[in-house]
Amino acid sequence: MIYALAWYIQDFLWVLGTGRVVVPEIFLLVLLFLSLRHPSRGVEILWAGFLGGILWDLRWVGFPGLSSLFYVVTILMSRWAWFSLPVSGRTAPVFGAILWAAFFPVSVVRIFMGGARGLGIFTTYFLQQSYLLPLVLFTSLIYGWRLKNPDA
Amino acid sequence: MTEKHLGKEWIHGLLMIIASLLFLAAAPRKDVFRGAVDLVGEILRYPEYPAVALQRGAKRVSFWFADKSALKERLDILEEENTRLRLAWSVGSASHLKQELDRFYGYARVTLREPLSWWSEVRINKGTSDGVFFGAPVLHNGYLVGRVSSSEENYSWVELITSSSLMIPVVIEETRDLGVVAGDGEGGLWLLYVPEGRLFSEGMTVSTAMVSEALPPGIPVGRLSSETRNSGSAYLAWRVIPGAGLTQLYALEIFGETPPGGGREGRSR
């Protein structure tokens, strides 16, 4: 349910901002957050990412397999990096850093697929970062809060 | 995370990557996915409807603001154009009025009225060559507005009745009481030197009195107002409402003016 909701929110914002704003990857953010929070739900999250990516490509991108490939690879790499760390090293700042790094490939693909060239690449990148960083920061804060309050 | 769990996850991941690559490889063949793309679009049309409606609303609002801005710009341009046209029309109208006034013999056109001496004097375009002489009464709509204070060949200065230095002997027509009218320099006109206790009523006519030769008697000046002020000693000053429109003076009539080369010789100061 949470996957469908995240996908729908991203789709809704995409429709709303068509041609004007670059919409953040809310779906991927939720997948990454859940995949790093729940070690045992990897397969389920991977499938959600794969199917969500295919659906996204069919709806918007026009290259079926592109988003799903990026989603699956990003989730796999993030989980690998995160769970390779000792438990004591899985802090909120590291969580945020992995999350932020995970968005980089997708951000670059979205910039180029959006048609940005030359200096426009930097403009779009900084625009993306302007809302991506607050989102990452917010998610990290939630993670930090959940670490301190495991029963909440 | 257990090794078994991790291994299973990697296998799933690799399968998905391979599937994604296969999809990507087939992506250039549009006809393969066309049906799926259409189906997804059709299904999502309903949940996406609120976003579409919101977007349309936002677009409409944005267009409205853009239209309003364009209209405002157009209005500014039209207003500016209107001001220019009005100015051009006023210039044309003023020159027409000047020609009209110049055609009427006996009327002098006001050529200067300085703001600092607005209530004291005006310059007219007739002088001694037109038979205008010093001291001649000047009328507007049949009411006294002042006297010629100096006259040159082609122009004269007229001291207005609202000037504080011009004192005109007058009579109240209804009671035959004598007094003097003088201005306060600020547009007000007062009947002075009337003993206290005289019973005047509002609306009584004030006309020139036969005191000097230069100023014929019976030229109407204005009407009494009910406003009074104590001017000291045993006199009460009454406000006089001038009959002439002193705020807007364009053409004046010189009383006793003679045609150029006519009988009366102009006296100048």
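Naming: A, B, ... by sequence-line order, numbering from 1 per chain.
- Ranked by heavy-atom pairs under 4.5 Å with chain B, the first of A:Trp60, A:Phe70, A:Tyr71, A:Phe63 is A:Phe63.
- With a 4.5 angstrom heavy-atom cutoff, B:Leu44 touches chain A only via side-chain atoms.
- Heavy atoms closer than 4.5 Å to chain A are found nowhere in B:Pro28, neither backbone nor side chain.
- Judged by a 6.0 Å distance limit and a 45° cone about the ring axis, A:Arg79 is not positioned over the six-membered ring of B:Trp10.
- The aromatic ring centres of A:Trp56 and A:Trp7 sit less than 6.0 Å apart.
- Using bins of under 30°, 30° to 60° and over 60° for the plane-to-plane angle, the ring pair B:Phe23/A:Phe50 lands in the tilted bin.
- Most heavy-atom pairs under 4.5 Å with chain A, from the set B:His12, B:Met16, B:Glu48: that is B:Met16.
- The existence of a salt bridge linking B:Arg45 and B:Glu42 is confirmed by a sub-4.0 Å separation between a basic side-chain nitrogen and an acidic carboxylate oxygen.
- With a 4.5 Å cut-off on non-hydrogen atoms, A:Ile54 touches chain B through its side chain but not through its backbone.
- More than 12 heavy atoms of other shown residues, nucleotides or ligands fall within 6.0 angstrom of atom CZ in A:Phe33.
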